[in-house]
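Note that the structure is predicted; figures quoted are calculated from it, not measured.
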Amino acid sequence: MSTAVSRFPHLRQDFAASLVVFLVALPLCVGVAVASGVPAELGLVTGIVGGLVTGMLPGSSLQVSGPAAGLTVLVFEAVDTYGLPALGVIVLAAGLLQLAMGALRLGRWFRAISVSVVEGMLAGIGLVLIAGQLYAAAGLTAPASGVDKLLGLPGAAVDALGSTEALASLAVGAGTVAVMVLWRRMPGPAGAVPGALAAVLLATAVTLAFGVPVATVEVRGLLDAVQPPGADAFGSLGVGVLGTILAFTLIASAESLFSAAAVDRLHDGPRTRYDKELMAQGAGNTLCGALGALPMTAVIVRSSANVRAGARTKAARVLHGVWLLLFAALLPSALALIPLPALAGVLVHAGWKLIPFRAVATLWRGHRGEALVLVVTAVSIVALNMFEGVLIGLALSVVKTAWESSQAKVEVIDKGAGPVQVHLSGNATFLRLPKILDALESLPRDRPVELDLTGLHHVDHACRTALKAWSESHGAPGTAPVKLKEAPVTAS
């Protein structure tokens, strides 16, 4: 017993956290799979791989991987265009690309992607996801494109009002959203239960007790659902699928690494090693592709729940994968009881949380250029598709930055005693962010640091956010916090 305690000193905290993450992940794994147009079991497979495989690998110790609402729209389009057997090939290729990029040490360069592009991407995904799931909540078939989904909502509302079954289905979906919103106010032990799980359980109990006529999850069985891609799936794909593969790779990698940066701000443990984390995501997606499952990303909802629940090491996320595996193996028939409109409600809530309303308002007040990038990216995704929308956002962001002329110089003065002095000068933009962060992160943690920003003529939103996060997290216990010396700068 003492040996186990010495090898796993935080086992009690990690065990408790793993149960919380499992309860958060379970409804999301199933809901994302159903919304993506694939068997529900494939969402569980991706969650299991995210825990047992990616969870074991180095990179970020506390963030949790699995199927993400942010990829739902893209996966649905890919399955609709190329068929379910091709999904495994696409995910497999994306995973191999992530492995290659991690091996080439390109992971840290994802920090160079404008925060506004990522937030715009999530906003566009959220809008399309909400629109599509409103149809699902009513038991209706959603149009294919994002624009048609939004424009067709008034007609769908009229159709739903004329159908008793559609109204019953909508009531279950709306009730699910209401429970999720209100559940956080629950006092006592009940409030510790994840809202999504509580909402789905209540919706299931109500539909069973009152015989509400709603569709439920179709169960195929774990082994039947897992269909590794065969030679036909590889041979049937043409050059056109390359754009989809690149979109999977770019979006999954960006979402995972931005999630890692956000999770690092939530705890005082080891920082993320971005290249290793990218390779861990690549290994997981490669295996998911080989199993014909959904793609994975690191998911901020599960990761933040993991940190808040007291997780201390990667054992928590590995154990959450064990619980998902046990559920899929021992209780697969329980999935057949879950009403589809309840899962649609979970994803409507998830899509709403993807839209950064406060960020848009804040950016518009102080960084209108970044706000424009965010809005254009979101609108482009809705009007066109995921890949083209992200490319438009990236191009606009690069043009904006080039216009502002990006040059930054980092000068470190270390006299061997006293504080380490760092002077930044020029124009600090997200294109220079990897260089600036590399220099700052190489500074000793056991020495006080003075960071002089008075030589900067321009600081963009991404750099200002990163410099603030670094200054708050740098330093060892007992060391004086980073001393910032600022002057009025031009911000965008």
Side-chain angles (χ1 to χ4, degrees), residues 58-60 63 97-119 121 249-265 270-282 297-298 367 369-370 373 390-391 393-412 420 422-445 449 451-453 455-474 482 484 489 491-492:
S60 175
Q63 78 169 350
L97 272 179
Q98 287 180 309
L99 284 170
M101 290 191 300
L104 293 173
R105 301 180 62 82
L106 298 179
R108 64 192 181 97
W109 283 97
F110 276 87
R111 291 185 289 178
I113 298 177
S114 168
V115 175
S116 296
V117 173
V118 176
E119 290 181 334
M121 176 192 77
T249 306
L250 174 64
I251 294 168
S253 301
E255 189 170 343
S256 294
L257 298 184
F258 269 81
S259 171
V263 173
D264 279 351
R265 299 189 188 108
R271 304 294 91 180
T272 296
R273 290 174 287 175
Y274 285 86
D275 297 317
K276 290 186 179 297
E277 177 62 18
L278 186 57
M279 293 190 73
Q281 295 295 324
T297 72
H367 312 274
E370 295 288 347
V373 172
V390 171
L391 287 182
L394 289 172
L396 182 60
S397 181
V398 170
V399 169
K400 171 185 171 292
T401 304
W403 179 265
E404 293 166 347
S405 179
S406 173
Q407 293 294 329
K409 181 180 179 182
V410 183
E411 183 180 7
V412 179
V420 178
V422 184
H423 298 270
L424 293 183
S425 58
N427 299 311
T429 70
F430 69 86
L431 290 177
R432 299 292 177 181
L433 188 51
K435 172 187 173 183
I436 294 172
L437 288 178
D438 283 347
L440 294 178
E441 290 170 353
S442 66
L443 298 175
R445 289 182 171 269
V449 175
L451 181 58
D452 187 352
L453 306 180
L456 290 174
H457 305 298
H458 169 79
V459 183
D460 73 0
H461 177 62
C463 261
R464 185 175 296 279
T465 303
L467 289 174
K468 182 180 179 181
W470 175 84
S471 66
E472 293 173 350
S473 63
H474 187 76
V482 174
L484 282 177
V489 295
S492 65

Q: Which heavy-atom pair separates P58 from A280 by the least distance, and what is that distance?
A: O-CB, 3.8 Å
Q: Return the CH2 to CD1 distance between W470 and I436, rounded to the nearest 0.5 Å.
A: 11.5 Å
Q: Between the side chains of Q63 and S259, does any donor sit under 3.5 Å from an acceptor?
A: yes
Q: For the backbone of A439 and the side chain of S442, can you confirm whether one donor and one acceptor N or O come within less than 3.5 Å of each other?
A: yes
Q: How close do Q98 and L278 get, counting heavy atoms only, and between which atoms?
A: O-CG, 3.7 Å
Q: Nearest 0.5 angstrom please: R432 CZ to N427 CG, how far?
A: 9.5 Å
Q: Please name the pair of heavy atoms, one in A428 and one in L456, separated by the smallest distance, quoted to 0.1 Å.
A: CB-CD2, 4.0 Å
Q: Less than 4.5 Å apart, side chain to side chain, heavy atoms only: is that true for L453 and V459?
A: no
Q: Measure the CG-CG distance between D452 and L484 for me, rounded to the nearest 0.5 Å.
A: 9.5 Å
Q: Show the nearest heavy-atom pair for residues M279 and G102, with the distance to one decimal.
A: CG-CA, 3.5 Å
Q: So does A252 get a backbone contact from the side chain of T297, meaning a donor-acceptor N/O pair under 3.5 Å?
A: no
Q: Is there a side-chain contact between V412 and L443, using heavy atoms and a 4.5 Å cut-off?
A: yes
Q: Does some side-chain heavy atom of L394 sit less than 4.5 Å from a side-chain heavy atom of L250?
A: yes
Q: On a heavy-atom basis, which atom in S60 and which in E277 lie closest, and how many Å separate them?
A: N-OE1, 2.9 Å
Q: Hey, what do you get for NZ (K435) to NZ (K409), rounding to the nearest 0.5 Å?
A: 9.0 Å
Q: If I compare all heavy atoms of S397 with all of V117, which pair ends up nearest, and what's the gap?
A: CB-CG2, 3.9 Å
Q: Quick one: CG on L440 to NE2 on H474, what's the gap to the nearest 0.5 Å?
A: 8.0 Å
Q: Between atom CG of L396 and atom CG of L391, what is the distance when rounded to the nearest 0.5 Å?
A: 12.5 Å
Q: Could you tell me which residues satisfy side-chain contact (heavy atoms from CB on, under 4.5 Å) with R271, sequence neighbours excluded, listed by chain and number?
A: D264, H267, R445, S473
Q: Could you check if a side-chain atom of S425 sits within less than 4.5 angstrom of a side-chain atom of E411, using non-hydrogen atoms only?
A: no
